[in-house]
Every structure is written in C-alpha cells, then in structure tokens.
*Asks:* 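I'd like to ask some things about the structure below.
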Amino acid sequence: MTRIAALLRKELIQMRRDPMTIGVTFLLPLVYLIVFGTAISTDVKHQSTVVFDQSRSEESRSFLAAMTASGYFDLRYIVYSYEELDARIESGDARIGIVFPPDLTAEANRGRTVPIQAIVDASDSIGSTAAIAALTGLGIHVRPAAARGAPAAAPAYDVRIRAWYNPDAVTAYYMLPALMGIILSLTMVLMTSMAIVRERETGTLEQLLVTPLHVWELLIGKILPYIALGYIQATVSIIVALAVFGVPLRGSIPLLYALTTLFLLASLTMGLMISSLARNQLQAGLLSLATLLPAVLLSGFMFPRDAMPTVFQYISLAIPMTHYIEIQRMIFLKGGGIAALWHQTLFLAGFTLLFFGVALRGFKRSVE
C-alpha cells in the first residue's frame, strides 16, 4: 500500500502540473450541461414565414395574428407573387409560406370553408412536423370575423399543406447529408491535431521547423495529404447516400465538391490551431472533442437551430459544421446553387483564414 500511495501522489502531482487537462476535465461537464441543457430543444418555434396575401382583409390579418400568437411562426416577409414566395423558401430565408386566396372574405361571409395554401420546407423533418401540426390546429380553431359568435358547423379554414423537398419526411434524407459533415469534421480535426502533436512529442516537428522551409509552407504541406483523404471520404459517403439510402441529389456535384474543399480546409486548419495550442496528444484529443461536441449539438445536425434560443443561434454561426450542413441539405434536397450559398461560402473561407492565422502564429512562437 505504501508503494501504491507513493505512485498515487506522483500521479496527482503530475496532473496538477497540467492545468489544461484539469480545466477540460472539470469545467467541460459543467459548461456543457448548462449550455446544452438551455440550447437543445425539439419544440421548434418561431419559424421564419413568408406571406402572399391576395385578399388583404380582416380575415387574413386575424389568421396571421393567430399564427404569431401561437409562437410557432415569425412573419418576416411579405411578397406579392408566387415567384417571390418560392424564391424565399428555396433560398432558405423562410421555412413556411402562406398564401391567402383573393376571395377569402366573400367565401367566409357565405359560411364556406376557405382554402389557405401552406408551403412547408420539409427538408427539416422535425421543424416541418411541428409547423404542420400547428397550421392544422389553426385551421380548425380560428374563426373569421363574419362567423364569430355563430355555431361552428365546420372548420372555417381548410389549410392545404404542401411539403417541399422531403414530402414523405424520410429521416435519411434529413440526417445523411448532415452526417457526412460530422464524419469529415471528426476525422480531419482529430487526425491533423493528433498527428502534428505526435511529431512534436517525438522531436521531428522541431527538426522540420529549423529547416529552410517557411512555417506556412510546412503547415500547408502537412494538410495537403488529408485533403485527398477527405475527398475519398466524401466520395464514399455520397455513393452510399445515393445508392444505399436513395437520398436525392438535386444540385450540382462540382459545386458540392468545391464547397466540400472549403469545409475540409476549415476543419484541417482547426486541427492545426489545436495542435499549436496542445503540448501532448492527450491535450490535443481533449481539445478536439471539446470543439466537436458543440459542433454536433449546435450545428443543426440533430436538433433544429430554429428551436434554440436566439443567442445560441448566433453562437452556432461560429461553427463551420453549421454552414456545411446547410450546404449539404441545400444541394442534396433543394438543388440550390452558389447564389443561395454565398454567405455559407464566405463563412467557411473566413474560418479557414482565421484558424490558419492562429496556427501560424503559434508555431512561429515555438520556433522563436
């Protein structure tokens, strides 16, 4: 027991000398439980909604007021044609589209059930299910002004729902494009950070740093082989998604590969940044996992971002995987082009430059 106690004391002293490991071990569970317990929810509310109101009547305004009061819809856009409404939904600006017919008031005054068209972006199966249930309930319970106080013989509104992009709510269509991003990020970040720290521990990295190579040349040379590996993973994932699960690919394959390159660069430079901060493989692994878990839970992979509090929706924008998942679902399910994905492209390019800059500065310091 004396020898075991001495060894235990030695391990505790060694652990105390590694403040990063202590911080990650004890602070990470506390932060994650508070953040994710607050942010994660499957009750999707405040979904962005676009309205094409051809009646412009008290009845349509009362229905929109009931939608807003339900908490499930945010009325963000008013359009004046079907083309504008379609464009808002296809670009991802709005997830719900409402169309009121021009004869709404006349039909309501005659006591007839009035049809209202509702277009739902079903590429997000969780959010679309909540929206469809809320719209169906509103169609049953909302009464037009002319019929209030009269006995309800039938529902006043017939909400006719059209689910776009994934009308059968197939889970694989929603999950697999996002899962490709998880796989790429997990392997690229972990492999890059661990490989470089391993070289630092064996002393070979220092030998490379004192060669005539510039630091930026060394870092670029380190990540180039992993880009080829990422292409292989992406190709295998696409083939499996198309051939095994039947996920539709409605967009451009060259665009998908081009934007995948940006995501690979963002993930690899994140691994470089982690390796510039970590001093051993344990630290590199813990830091990688500390960044990947928020990416999985806050990126919209499993839980819709629309269901998160506003502050966490903004925080999720600082995660590269958030933008790549949007790219994947847009290209696979909606057939979106670069015009609909330009802001995700800018975010991924910005992350790449930021992470590479931090890594470059860290490795230059180690040389000095």
Side-chain angles (χ1 to χ4, degrees), residues 41-79 82 85-86 88-90 92-175 300 302-308 329 333-334:
S41 173
T42 56
D43 186 16
V44 186
K45 295 189 175 182
H46 303 288
Q47 300 197 58
S48 177
T49 303
V50 57
V51 178
F52 177 25
D53 185 0
Q54 301 177 87
S55 72
R56 303 184 187 180
S57 62
E58 182 181 353
E59 280 71 21
S60 62
R61 288 191 293 271
S62 66
F63 192 89
L64 293 174
M67 289 180 62
T68 304
S70 71
Y72 285 92
F73 308 97
D74 282 350
L75 308 181
R76 296 185 183 175
Y77 305 102
I78 302 294
V79 297
Y82 281 104
L85 183 138
D86 293 350
R88 287 292 184 184
I89 296 177
E90 289 177 0
D93 293 337
R95 295 192 178 275
I96 314 296
I98 302 294
V99 181
F100 293 104
D103 58 349
L104 186 152
T105 300
E107 292 296 302
N109 289 338
R110 294 188 184 100
R112 298 175 182 174
T113 299
V114 181
I116 297 175
Q117 187 179 58
I119 299 170
V120 178
D121 180 355
S123 61
D124 180 349
S125 57
I126 298 176
S128 63
T129 301
I132 290 170
L135 287 168
T136 303
L138 289 170
I140 295 173
H141 296 106
V142 176
R143 304 288 293 168
R148 287 173 193 160
Y157 298 108
D158 175 18
V159 182
R160 300 180 180 179
I161 296 170
R162 292 174 56 195
W164 283 6
Y165 311 122
N166 186 11
D168 297 325
V170 180
T171 304
Y173 294 2
Y174 174 70
M175 295 296 291
M302 297 176 63
F303 306 98
R305 292 177 58 241
D306 290 341
M308 301 176 188
R329 288 174 177 162
L333 300 180
K334 298 184 180 182

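Here the structure is a predicted model, which is why all the values come from computation and not from measurement.
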*Asks:* Looking at side-chain heavy atoms only, is the closest gap between Arg76 and Val50 below 4.5 Å?
*Replies:*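 No - every pair of side-chain heavy atoms lies 4.5 Å or more apart.
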
*Asks:* Once rounded to the nearest 0.5 Å, what's the spacing between atom OH of Tyr77 and atom CD1 of Ile89?
*Replies:* 11.5 Å

*Asks:* Rounded to the nearest 0.5 Å, what separation is found between the OH atom of Tyr82 and the CD1 atom of Ile119?
*Replies:* 8.0 Å

*Asks:* Within a strict 4.5 Å, meaning less than it, do heavy atoms of the Leu135 and Val120 side chains meet?
*Replies:*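 Of all side-chain heavy-atom pairs linking Val120 with Leu135, at least one is under 4.5 Å.
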
*Asks:* Check step by step if side chain to side chain donor-acceptor pair (under 3.5 Å) holds for Asn166 and Ser123.
*Replies:* CA-CA 5 Å; Asn166 186 11; Ser123 61; over 6 Å; no

*Asks:* From His46 NE2 over to Phe73 CZ, what is the distance, rounded to the nearest 0.5 angstrom?
*Replies:* 11.5 Å

*Asks:* Is there a donor in the side chain of Ser60 and an acceptor in the side chain of Asp53, or the other way round, less than 3.5 Å apart?
*Replies:*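 A donor-acceptor contact under 3.5 Å links the two side chains.
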
*Asks:* Quick check: do Glu90 and Tyr165 have side-chain heavy atoms less than 4.5 Å from each other?
*Replies:*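 Contact flag for Glu90/Tyr165 side chains = yes.
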
*Asks:* Quick check for you: to the nearest 0.5 Å, what is the distance between Met67 atom CE and Asp74 atom CG?
*Replies:*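 The CE atom of Met67 sits 10.0 Å away from the CG atom of Asp74.
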
*Asks:* Would you check if there is a donor-acceptor pair between the side chains of Asp103 and Thr105 at a distance under 3.5 Å?
*Replies:*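 Absent: no donor and acceptor within the cut-off.
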
*Asks:* Out of curiosity, Arg61 CZ to Ser55 OG, how far, rounded to the nearest 0.5 Å?
*Replies:*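 Atom-to-atom, Arg61:CZ and Ser55:OG are 8.0 Å apart.
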
*Asks:* Mind checking the OG1-CZ spacing from Thr136 to Arg160? Nearest 0.5 Å is all I need.
*Replies:*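 Nearest 0.5 Å value for the OG1-CZ distance: 13.5 Å.
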
*Asks:* Tell me whether Arg329 contacts the main-chain N or O of Tyr174 through its side chain, where contact means a donor paired with an acceptor under 3.5 Å.
*Replies:* yes

*Asks:* So, do Trp164 and Asp121 sit near enough that their side-chain heavy atoms are less than 4.5 Å apart?
*Replies:* no

*Asks:* Please tabulate, for the side chains in residues 92-101, all donor-acceptor contacts under 3.5 angstrom to protein atoms that are two or more places apart in sequence or on a different chain.
*Replies:*
unit_1, atom_1, unit_2, atom_2, d
Asp93, OD2, Arg88, NH1, 3.2
Asp93, OD2, Ser91, OG, 3.0
Arg95, NE, Asp306, OD2, 2.9

*Asks:* Tell me, do Thr113 and Tyr157 make a side-chain contact under 4.5 Å, heavy atoms counted?
*Replies:*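 Not touching, per the 4.5 Å side-chain cut-off.
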
*Asks:* Is the closest side-chain heavy-atom distance between Val51 and Leu75 below 4.5 Å?
*Replies:* yes

*Asks:* Donor-acceptor pair, Thr49 side chain versus Gln47 backbone, under 3.5 Å?
*Replies:*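 Checked: pair present.
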
